[in-house]
J.: 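Quick one: structure below, then a few questions.
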Protein chains: 2
Amino acid sequence: MNLTEKRKEERNRIIETSREVFKKYGCRKATMNDIAYASGKAKSSVYYYFKSKDEVCNAVIFTEAGKYRNTVLKAVSEIKNPEKQLKAYILIRLQTDKVYSNFYNSMNHFSKKSKFVKRLKKIYDDEEFRIFSNILKSGIEAGYFDVYDIKYAAVGIVTAMRGLETVLLHQFENPEIEKKIDNILKIILYGIVKR
Amino acid sequence: MNLTEKRKEERNRIIETSREVFKKYGCRKATMNDIAYASGKAKSSVYYYFKSKDEVCNAVIFTEAGKYRNTVLKAVSEIKNPEKQLKAYILIRLQTDKVYSNFYNSMNHFSKKSKFVKRLKKIYDDEEFRIFSNILKSGIEAGYFDVYDIKYAAVGIVTAMRGLETVLLHQFENPEIEKKIDNILKIILYGIVKR
DNA sequence: AGTACATTCGACCAATATTGTCAAAACATA
DNA sequence: TATGTTTTGACAATATTGGTCGAATGTACT
């Protein structure tokens, strides 16, 4: 095995253990010692792989975002019909959102919003925006959708969706939720103007 | 309401919130600030009620031990037959053990066994010993049991039970567990000598 | 063995965070 | 207002933490 390969693998191993440590203690409370110990190394050895604790955090976030992305893409790409794709996307978003909000809520339970959480949010937001744009784009290419400007359409719809979520999230157990989503989806898809 | 009463109530309120904070962060990671903030007070206000963080920890442990005690006693006292009492006790012990081991495992997940955990264990151990002795004693008074020396009998049986647990705990989902306990119980109750 | 390189580690320091104290403020109560 | 209780922010003493460095260990190749 290549030297840099081995190095990367060790890095990934540390990232995985860090993820667990963060889950347990939260990012703030977890110390480099915790991470090192959990990885079966000395603290300075962790610094051999990562410049700083910040970098470890970023790596964990980045990897998690990647996993999230894959989950979504895999679920969505299996669906051909763009309309159903959209619906699947919204549903999966509502589900994973719950999980990952748990993840980073525990990170700064109290204490003013940290730099860290802001960064995490931004990364997820960007990711989401990109994924959604792709769905829109492929829908357009397939001749299903027709929007004036993908970028602004995406921004608008994602924003609307987020508003939708804040309303729906706390009634997520509600079995009516699918119907509600269907209704909103219809508006997004066909507009409110009668044809 | 009496003045000292009010004070005690406030203390209890802090103990309850502390318990939640400990559950979340573990005892080591939780700071007096965390506790104070969660209680809606300033740090120094917490020190008005407790001499030190150590005292807060002790109070939480003590209260938890008391709750555990009540759970066991309530469940056991409703049973008249000492034999069934013993069985109920062992079962409930196995169950609550799981819960509270989670509680204090999270307390010092890594880092050498802390003074704190040792104390927690000791308190639970004493408590358990006392409860068990009472069961034995009431069984003797009721004419069901007959042992030479309650104290040593209790020590012996509790020790044996603990050994039993270490074996059984990780296969707790096993539905056969009741049968196994029954078997052990029979040995404890009737001895191994044929009559 | 000897060299070059990757990896691990413990000791160490400066910066930060935490515990615990205190005197003053805010609050209640009569 | 006077008295006792409770809350608080500022502060000192102390402990923990992030991060550095040089030395030790490991490893692969000549």
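On a predicted model such as this, the values are computed, not experimentally measured, just so you know. Convention: sequence-line order gives letters A, B, ...; per-chain numbering from 1.
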J.: Give the angle between the helix axes at the two ends of the helix from C:dA1-D:dT30 to C:dA30-D:dT1, taking five base pairs at each end and rounding to 10°.
T.: 30°
J.: Atom CE of A:Met32 to atom P of C:dA11: distance rounded to whole Å?
T.: 19 Å
J.: Looking at D:dG18, I'd like to know if its phosphate oxygens (OP1 or OP2) sit under 4.0 Å from a side-chain N or O belonging to A:Ser52.
T.: no
J.: According to a strict under-4.0 Å criterion, is B:Tyr47 in side-chain N/O contact with OP1 or OP2 of D:dT8?
T.: no
J.: Should A:Arg11 and A:Glu16 count as an ion pair when the cut-off is N to O under 4.0 Å?
T.: no
J.: Using a cut-off of 4.0 Å on non-hydrogen atoms, how would the nucleic acid contact of A:Phe50 be classed: base, sugar-phosphate, or nothing?
T.: nothing
J.: Which part of the nucleic acid does A:Thr31 contact within heavy-atom distance under 4.0 Å: base, sugar-phosphate only, or nothing?
T.: sugar-phosphate
J.: Nearest whole Å is fine: how far is C:dA6 P from A:Lys8 NZ?
T.: 15 Å
J.: Please compare A:Tyr48 and A:Ser44 by the position of their nearest nucleotide in DNA chain C and report the one closer to 5'.
T.: A:Tyr48
J.: Whole angstroms only, please: what is the OH-C1' distance between A:Tyr49 and C:dT7?
T.: 6 Å
J.: In whole angstroms, how far is the C1' atom of C:dG10 from the OH atom of A:Tyr37?
T.: 17 Å
J.: Measure from CG on B:Asn33 to P on C:dA17 and round the result to the nearest Å.
T.: 11 Å
J.: Are any of the side-chain nitrogens in A:Asp34 or B:Arg28 under 4.0 Å away from the carboxylate oxygens of its partner?
T.: no
J.: To the nearest angstrom, how far is B:Lys53 atom NZ from D:dT14 atom P?
T.: 18 Å
J.: Do B:Tyr48 and B:Lys41 have side-chain heavy atoms sitting under 4.5 Å apart?
T.: no
J.: Are any of B:Ser45's side-chain N or O atoms less than 4.0 Å away from OP1 or OP2 of D:dT6?
T.: no
J.: Considering residues at least two apart in sequence or located in another chain, which fulfil the salt bridge (charged side-chain N to carboxylate O under 4.0 Å, His left out) criterion with A:Lys43?
T.: none
J.: So, B:Lys23 and B:Glu20, do they make that salt bridge, N to O below 4.0 Å?
T.: no
J.: Given C:dT18, C:dT19, C:dT7, identify the nucleotide with an atom nearest to the side chain of A:Arg28.
T.: C:dT18
J.: With a 4.0 Å cut-off on heavy atoms, is B:Lys41 in touch with a base, just the backbone sugar-phosphate, or nothing at all?
T.: sugar-phosphate
J.: Please state whether the phosphate of C:dA6, meaning OP1 or OP2, lies under 4.0 angstrom from any side-chain nitrogen or oxygen of A:Arg7.
T.: no
J.: Within this structure, what is the CD-to-C1' distance between A:Glu55 and D:dG19, rounded to whole angstrom?
T.: 13 Å
J.: So do the side chains of B:Val46 and B:Lys53 get within less than 4.5 Å of each other, counting heavy atoms only?
T.: no
J.: Taking atom types as they are modelled, would you say the side chain of B:Lys43 forms a donor-acceptor pair with the base of D:dG9 within the 3.5 Å cutoff?
T.: no
J.: Could you tell me whether B:Glu9 and B:Arg13 have a side-chain N and a carboxylate O separated by less than 4.0 Å?
T.: yes
